[in-house]
Amino acid sequence: MIGVEPVEEIRSFASFHIGVKHMKNVKLKTLKFPNHTDSHLDSPLIEKNGLVELNPKFTNPEFLTNWIFETNLYGEAVSIDHFVITFPTRTELENYAASFRPFGAKTVEGPDLFPLNFCAENINVPSDLWLHLMTLLMPAGGLVVLDAPHAAGDQTDRFQQERGLEAVHHVAIRVENVQNAAKIWQNKNFKPLSERPLDSGSLTQWFLQNPAGQIIELIERLPGNNATFDCKNIAGLRLSEIPG
């Protein structure tokens, strides 16, 4: 399991899930980086050779439900909107999610097959890019995205095999203006994976990638939107990962 500390067996995930299948309108808090420099020291995210990995000491419910979702990445003080933890199976994903129940985390997306069962319209995303997805909203207002392969050999499964279970597919950084923030990250040798940001009106998103293969998502959201994606954006985001 992803290198995190083992969690107790949950009697039944159904009691935790309580019928939540898709995103709910839970208002996210505005994150502000505090006037001190040590908030990055205890973080679930660490850098190794240009890649972000999970720090197993800080991926347990006790820590994540108290973390302020602010840290330093690639020399930049950032507010984390969400980051992704990958599991071998959906069952392990759901068991991990259930361990957050006593700590005030809320389910805001999934668990379900993404993007098929999240978007009513026909989303043109090849099956290789499908995955099981669930998102938890932490008390501080940050989001933890959980995913798992939907089939052996799909993109998520290959990512696990290549990078290991502590690898992080992407980290989303919340910004006030995606275009302006992109200039900062381009100066850090992150290159946009698409010509322009994807803008649904209430959610603007852009994937950028460094030479080591790490994806940083820049995300700008209007108040009241707590989703990690928009159905108008998701095809463009996922397809931007495929080399042209």
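Residue numbers run from 1 in the order of the sequence given.
- A distance of 9.5 Å separates CD1 in Ile80 from CD in Glu70, rounded to the nearest 0.5 Å.
- With hydrogens and angles disregarded, no donor-acceptor distance shorter than 3.5 Å links the side chain of Glu220 to the backbone of Thr204.
- Here CE of Met138 is found 11.0 Å from CZ of Phe103. Values are rounded to the nearest 0.5 Å.
- At least one donor-acceptor pair closer than 3.5 Å links the side chain of Trp206 to the backbone N or O of Ser194.
- Contact check for Val108 versus Leu136: no side-chain heavy atoms found under the 4.5 Å cut-off.
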*Should His132 and Asp112 be marked as a side-chain contact (heavy atoms from CB on, under 4.5 Å) after you check the CA-CA gap, both sets of side-chain angles, and the distance that decides it?*
CA-CA 6 Å; His132 294 292; Asp112 216 326; over 6 Å; no
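- The local environment of NZ in Lys188 is crowded, with over 12 non-hydrogen atoms from other residues, nucleotides or ligands closer than 6.0 Å.
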*Verdict with supporting geometry, Asn72 and Val78, side-chain contact (heavy atoms from CB on, under 4.5 Å)*: CA-CA 6 Å; Asn72 281 4; Val78 296; over 6 Å; no
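- Of all non-hydrogen atoms in Arg90 and Pro111, the two that sit nearest each other are NH2-O, 3.2 Å.
- Follow the hydrophobic side-chain contacts under 4.5 Å out from Phe207 and you never reach Leu51; the two are in separate clusters.
- In this structure, Gln214 contributes its side chain and Val52 its backbone to a donor-acceptor pair below 3.5 Å.
- Glu241 and His170 share no side-chain donor-acceptor pair at under 3.5 Å.
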*Any chance you could lay out the side-chain contact (heavy atoms from CB on, under 4.5 Å) test for Val145 and Ile85, step after step, and finish with the verdict?*
CA-CA 6 Å; Val145 178; Ile85 302 178; over 6 Å; no
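- Considering CZ of Arg221 and CZ of Arg174, their distance stands at 5.5 Å, rounded to 0.5 Å.
- Counting only distance, with no hydrogens or angles, the side chain of Gln205 and the backbone of Glu217 share no donor-acceptor pair below 3.5 Å.
- Considering only heavy atoms from C-beta on, Glu109 comes within 4.5 Å of Phe229 through its side chain.
- If you take CD1 on Ile216 and CG on Asn210, they are separated by 8.0 Å, rounding to the nearest 0.5 Å.
- Between Ala181 and Val175 the shortest heavy-atom distance is CB-CG1, 3.7 Å.
- Remark: side-chain polar atoms of Asn189 are not paired, donor with acceptor, to backbone N or O of Gln186 under 3.5 angstrom.
- Across every non-hydrogen atom of Leu137 and Gly141, the tightest pair is CD1-O, 3.6 Å.
- Counting heavy atoms from C-beta outward, Ser99 and Asn60 have side chains that stay 4.5 Å or more apart.
- In terms of modelled atom types and a separation under 3.5 Å, the side chain of Asn233 and the main chain of Leu203 share a donor-acceptor contact.
- Scanning both residues, Thr65 and Glu62, for their nearest heavy atoms gives OG1-O, 3.6 Å.
- At least one side-chain heavy atom of Phe100 sits under 4.5 Å from a side-chain heavy atom of Leu64.
- For Asp154 (side chain) and Ala151 (main-chain N/O), a donor-acceptor pair under 3.5 Å exists by modelled atom type.
- Under the 4.5 Å side-chain contact rule for hydrophobic residues, Leu193 and Val178 do not share a cluster.
- There is a side-chain donor-acceptor pair under 3.5 Å between Glu92 and Thr89.
- Between Leu54 and Ile46, the shortest heavy-atom distance links the atoms O-CD1, 4.0 Å.
- Note on ring orientation: taking the six-membered ring where Trp is involved, the planes of Trp185 and Phe190 are perpendicular (angle over 60°, cut-offs 30° and 60°).
- More than 12 heavy-atom neighbours from other residues, nucleotides or ligands sit within 6.0 angstrom of CG on Asn187.
- In this structure, Leu45 is a member of the same hydrophobic cluster as Ile173, with clusters built from ILVMFWY side-chain heavy atoms closer than 4.5 Å.
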*asked:* Using ring-ring contact (aromatic ring centres under 6.0 Å, His included), reason through His169 and Phe159 one step at a time and then give a plain yes or no.
replied: CA-CA 8 Å; His169 177 269; Phe159 175 81; 5.7 Å; yes
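- Note: the hydrophobic cluster containing Ile215 does not contain Leu146 (ILVMFWY, side chain heavy atoms under 4.5 Å, direct or indirect links).
- Side-chain heavy atoms closer than 4.5 Å link hydrophobic residues (I, L, V, M, F, W, Y) into clusters, and following such links, possibly through other members, connects Val84 to Phe118.
- Heavy atoms only, all atoms of each residue included: Ala148 and Leu93 are closest at N-CD1, 3.9 Å.
- Enclosure of atom CZ in Arg158 by more than 12 non-hydrogen atoms of other residues, nucleotides or ligands within 6.0 angstrom is indicated.
- Looking at heavy atoms from C-beta onward, Phe58 lies out of side-chain contact with Ser43 at the 4.5 angstrom threshold.
- Side-chain contact check for Gln155 and Arg238: at least one donor-acceptor pair (N or O, by modelled atom type) lies under 3.5 Å.
- No side-chain heavy atom of Lys191 sits less than 4.5 Å from a side-chain heavy atom of Leu208.
- Between His150 and Trp130, the ring planes lie tilted relative to each other; the angle falls in the 30° to 60° range.
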*Can Leu239 and Leu129 be said to form a side-chain contact (heavy atoms from CB on, under 4.5 Å), step by step?*
CA-CA 8 Å; Leu239 293 174; Leu129 300 178; 4.2 Å; yes
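- How far CD1 of Ile219 is from CG of Asp81: 4.0 Å, rounded to the nearest 0.5 Å.
- Side-chain contact check for Asn55 versus Asp42: every heavy-atom pair is 4.5 Å or farther apart.
- For the pair Leu73/Thr71, a side-chain contact is recorded, criterion being any heavy-atom separation below 4.5 Å from C-beta on.
- Below 30°, between 30° and 60°, or above 60°: for Phe83 and Phe69 the angle between ring planes is between 30° and 60°, a tilted geometry.
- Distance alone, capped at 3.5 Å, is enough to place a donor-acceptor pair between the Gln209 side chain and the Gly213 backbone.
- Rounded to the nearest 0.5 angstrom, Glu166 CD and Thr86 OG1 are separated by 12.0 Å.
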